[in-house]
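Just follow the structure's listing: the first ligand is 1, and inside any ligand the first atom is 1. One-based numbering along the sequence shown. Values below: all heavy atoms of this structure, side chains included; hydrogens, waters and symmetry mates excluded.
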Amino acid sequence: MNNNNNIEILMEEVNPVYMTAQRCLQIIAELGDDDSRQLCRVLGLPTLEESFKGSDRLPEPVAETLKLTMPVFNAIPEARFIASTNLILSSAAKQVVDLPCGYTSRGIKLQKSNIRYFGFDLPAVTSVVGNAVKEIIGENNSIKYCPVDATNYNSLRQALGDIRGELYITTEGMLMYFTQNELETVFGNIRRLLSEFGGKWITMDSELDTAQKKIMSIITGSLPKDRAEQVKSIVSDYAGKVSKTTLLNNRFYDPDQEKVKRFVSDMGFDLEMIPMKQYMPESVYSLNELSADARQKALEVLGEVNFWVMTAKQKTREESAHNDNKFIAHAKMSGDTLNLTVSGRLDTITAPELLSLYKESAARNKITAICVDMNGLEYISSAGLRVLLIMRKSVDDGAGFSLINMNKAVRDIMETTGFDTIMC
Ligand SMILES: C[S@@+](CC[C@H](N)C(=O)[O-])C[C@H]1O[C@@H](n2cnc3c(N)ncnc32)[C@H](O)[C@@H]1O
């Protein structure tokens with residue numbers, strides 16, 4: 001395929017960037033961390049205080065209520081960033097894969113301790129944060145930011161290149177974005193990496209979800225009833241937005257921890273729990289605005305959380321047959337109709353290829369209809385769906401657009417996301 005299109009522009013067109021990731025950096029900057037402050041400055045991000053001043057235009061009671069929700073949203077990213085960084089620094093880890101890295105300053109910190117750092121995230125994030133870090137510390141062989149999609153094994157494996165040695169993979173704030181199907185793919189991908197390289201996968205995400213709910217009820221319990229209701233409504237509005245698109249059937253977030261542990265075992269991992277308490281900072285800045293009693297209770301909740309340390313079970317290490325699900329797309333004109341065939345995985349990493357193929361065809365031909373043959377397409381993510389939408393819009397308001405030979409897995413994704421009503 002001819003790659004004449006600017007790949008970065010295509011990536012931007014198909015990648016959503018999660019703004020919550022920038023919030024994590026802003027929180028750590030706010031508590032006085034120099035590396036994070038520098039990164040915020042280079043990225044042009046305001047401090048949390050400045051962001052909040054932006055809400056001066058809001059009527060005073062709304063601005064006040066918004067401020068009250070901040071500990072609910074901020075305490076978890078703050079505690080997990082500091083505790084995980086402390087855990088890594090006190091371990092024997094030599095190579096850390098931060099999946100997803102977001103915008104945090106962890107890479108800058110770890111390279112100071114001679115730990116090799118791989119920041120893995122969606123392309124739209126790694127290109128920005130990678131350039132900013134380079135501006136701060138210059139060229140450095142110990143830090144690499146790599147565009148990946150956690151659901152795409154090839155993108156993960158290629159990013160590691162020909163390195164050797166155990167991996168210490170950390171995951172904070174990502175697994176909740178996946179459907180059960182995607183979650184299983186990600187577990188399979190990470191197990192496969194650990195089977196090849198050895199090492200551990202560490203996350204607190206499952207327990208932190210429950211902790212966040214408990215902190216929320218401590219905070220609302222310490223407020224007058226009307227304020228508590230306002231806080232609940234802001235938080236549930238936000239949670240609703242996240243869960244509508246993502247939390248469907250995600251078994252890593254089952255409130256029954258025993259079920260989650262069984263899921264982890266079924267996915268081929270041995271599990272060890274390490275209490276987060278010993279790696280926590282003495283105080284959590286984001287809880288400072290709370291009453292002494294509420295602050296103490298919230299700290300106790302965070303202190304009960306565990307790191308989940310997962311290693312690939314021996315049996316799965318011996319597995320060798322794998323299906324790489326490579327993405328392949330072909331285009332052929334028939335009269336004014338563009339016939340596309342797609343197979344494999346159409347996701348964040350591969351969607352720009354399809355967009356580029358379409359744009360090249362559109363630049364050379366008059367296209368009045370598009371037919372996409374999905375025979376062989378095994379998976380489609382929101383980035384892939386977005387490319388289909390772009391193509392659909394281009395032909396006579398969708399009238400000349402058709403999808404054929406869709407398998408059940410892809411149809412299920414279409415139905416879950418509501419795209420079936422637009423496209424099929
Ligand atoms: C809440 S942020 C957390 C980032 C970082 N770990 C932190 O604590 O600041 C979630 C991150 O997940 C990334 N993400 C979402 N889906 C992803 C995927 N399929 N593959 C890789 N990263 C993904 C987003 O781009 C975003 O940077």
What atoms in ligand 1 come closer than 4.0 Å to a heavy atom of [X]?
{"X": "A21", "value": "2 (S), 26 (C), 27 (O)"}
{"X": "D149", "value": "18 (C), 19 (N), 20 (N)"}
{"X": "C101", "value": "5 (C)"}
{"X": "V125", "value": "25 (O)"}

Main-chain N/O of S286 paired with E78 side-chain donor or acceptor, under 3.5 Å: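 At least one qualifying donor-acceptor pair exists.
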
Within the structure provided, determine whether P77 and R23 are in side-chain contact (heavy-atom separation under 4.5 Å).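 Answer no - side chains too far apart.
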
T104, portion touching ligand 1 at heavy-atom distance under 4.0 Å: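 The answer is the side chain of T104.
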
Going by heavy atoms, is [X] under 4.0 Å from ligand 1?
{"X": "E182", "value": "no"}
{"X": "A124", "value": "no"}
{"X": "F178", "value": "yes"}
{"X": "F81", "value": "no"}

Measuring centre to centre across the rings, with the benzene-like ring taken for any Trp, is W201 within less than 6.0 Å of F187?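 Under 6.0 Å, so yes.
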
Check whether the ring centres of F120 and Y145 lie less than 6.0 Å apart, and answer yes or no.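 No - the distance between ring centres of F120 and Y145 does not fall below the 6.0 Å cut-off.
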
Counting heavy atoms only, name the option from G173, C24, A150 that's nearest to atom 21 (C) of ligand 1.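 Ranked by closest heavy atom to atom 21 (C) of ligand 1, first place is A150.
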
Flag [X] as yes when one of its N or O atoms lies below 3.5 Å from any N or O atom of ligand 1, and as no otherwise.
{"X": "Y177", "answer": "no"}
{"X": "R80", "answer": "yes"}
{"X": "Y103", "answer": "no"}

Gap between atom CD1 of I136 and atom CG of N131 - 0.5 Å precision: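 One finds 11.5 Å between CG of N131 and CD1 of I136.
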
What residues, two or more places apart in sequence or in another chain, satisfy salt bridge (Lys or Arg N to Asp or Glu O under 4.0 Å) together with E196?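 For E196, the residues satisfying salt bridge (Lys or Arg N to Asp or Glu O under 4.0 Å) (neighbours in sequence not counted) are R157.
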
Indicate whether the side chain of R345 and that of T151 have a donor and an acceptor atom separated by less than 3.5 Å.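 T151 and R345 do have a side-chain donor-acceptor pair below 3.5 Å.
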
Regarding Y358 and S394, do their side chains bring together a donor and an acceptor under 3.5 Å, going by distance alone?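 Yes, because at least one side-chain N or O of Y358 sits under 3.5 Å from a partner of the opposite role on S394.
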
Is the charged tip of R192 near the ring of Y153: under 6.0 Å from the six-membered ring centre and within 45° of its axis?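 The answer is yes, since R192 meets both limits relative to Y153.
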
